[in-house]
Amino acid sequence: MTNLRNGASPALLSRDRILVGAPLLIGVVLAIGVGVGVLRPTLERGDLLQARLEDLQRQQRSLPELERRLVEAQTTLNLREQQQLVLLD
């Protein structure tokens, strides 16, 4: 078996590695940039929708209390209207 390398180790940054690696590195960086550019609005919209959902759930939980207060307010209004009619008559 013969050794065809002349005993020298290959250079870490050879011309071939640079010609293959540089465009590959540039492509990966551009792909990451485009990916972030595309995903960011989607993620922000998802955050907005999540916040809206939480707000609607909070309002839904407070609905029975609001209905109870409405009934009380209507009862109070009817009572005051009756008192006003009594005073005016």
Side-chain angles (χ1 to χ4, degrees):
M1 205 168 185
T2 61
N3 188 357
L4 300 174
R5 289 188 163 183
N6 289 336
S9 63
L12 183 61
L13 292 175
S14 68
R15 182 175 186 263
D16 292 341
R17 287 186 181 179
I18 292 173
L19 288 176
V20 170
L24 183 63
L25 182 62
I26 292 171
V28 167
V29 169
L30 287 175
I32 290 172
V34 169
V36 168
V38 169
L39 290 178
R40 176 185 259 169
T42 303
L43 293 174
E44 287 176 355
R45 186 165 189 263
D47 291 342
L48 288 174
L49 289 175
Q50 182 65 31
R52 178 70 175 141
L53 176 63
E54 291 170 1
D55 184 46
L56 289 174
Q57 288 173 341
R58 182 183 51 78
Q59 289 178 5
Q60 185 178 21
R61 286 190 300 270
S62 68
L63 186 60
E65 174 64 22
L66 292 174
E67 290 174 341
R68 185 189 61 77
R69 288 175 51 194
L70 177 63
V71 169
E72 288 177 3
Q74 287 173 336
T75 304
T76 303
L77 177 63
N78 289 338
L79 180 62
R80 302 292 162 108
E81 286 176 346
Q82 289 174 1
Q83 290 174 348
Q84 185 180 18
L85 287 175
V86 168
L87 288 174
L88 291 176
D89 286 341

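Computed from heavy atoms alone, side chains included, the values below leave out hydrogens, waters and symmetry copies. Here the structure is a predicted model, which is why all the values come from computation and not from measurement.
Nearest approach of Val38 to Thr42, heavy atoms of both residues: O-OG1, 3.5 Å.
The CG atom of Leu53 lies 12.5 Å from the CG atom of Leu48; values are rounded to the nearest 0.5 Å. To the nearest 0.5 Å, atom CZ of residue Arg15 and atom CD1 of residue Ile18 are 9.5 Å apart. In this structure, CD on Glu81 lies 10.0 Å from CG on Leu79, to the nearest 0.5 angstrom. With rounding to the nearest 0.5 angstrom, the CZ atom of Arg61 is 10.5 Å from the CG atom of Leu56.
Grouping the Ile, Leu, Val, Met, Phe, Trp and Tyr side chains by contacts below 4.5 angstrom, directly or via other members, places Val36 with Val28.
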Using residues 62-72 as the side-chain source, report each donor-acceptor pair under 3.5 Å to any protein atom, sequence neighbours left out, with the distance given to one decimal.
residue: Ser62; atom: OG; partner: Gln59; partner atom: O; Å: 3.0
residue: Glu65; atom: OE1; partner: Arg68; partner atom: NE; Å: 3.3
residue: Glu65; atom: OE1; partner: Arg68; partner atom: NH2; Å: 3.2
residue: Glu65; atom: OE2; partner: Arg68; partner atom: NH2; Å: 2.4
residue: Arg68; atom: NH1; partner: Glu72; partner atom: OE1; Å: 3.4
residue: Arg68; atom: NH1; partner: Glu72; partner atom: OE2; Å: 2.3

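Gln50 pairs by the side chain to side chain donor-acceptor pair (under 3.5 Å) definition with Glu54, not counting sequence neighbours.
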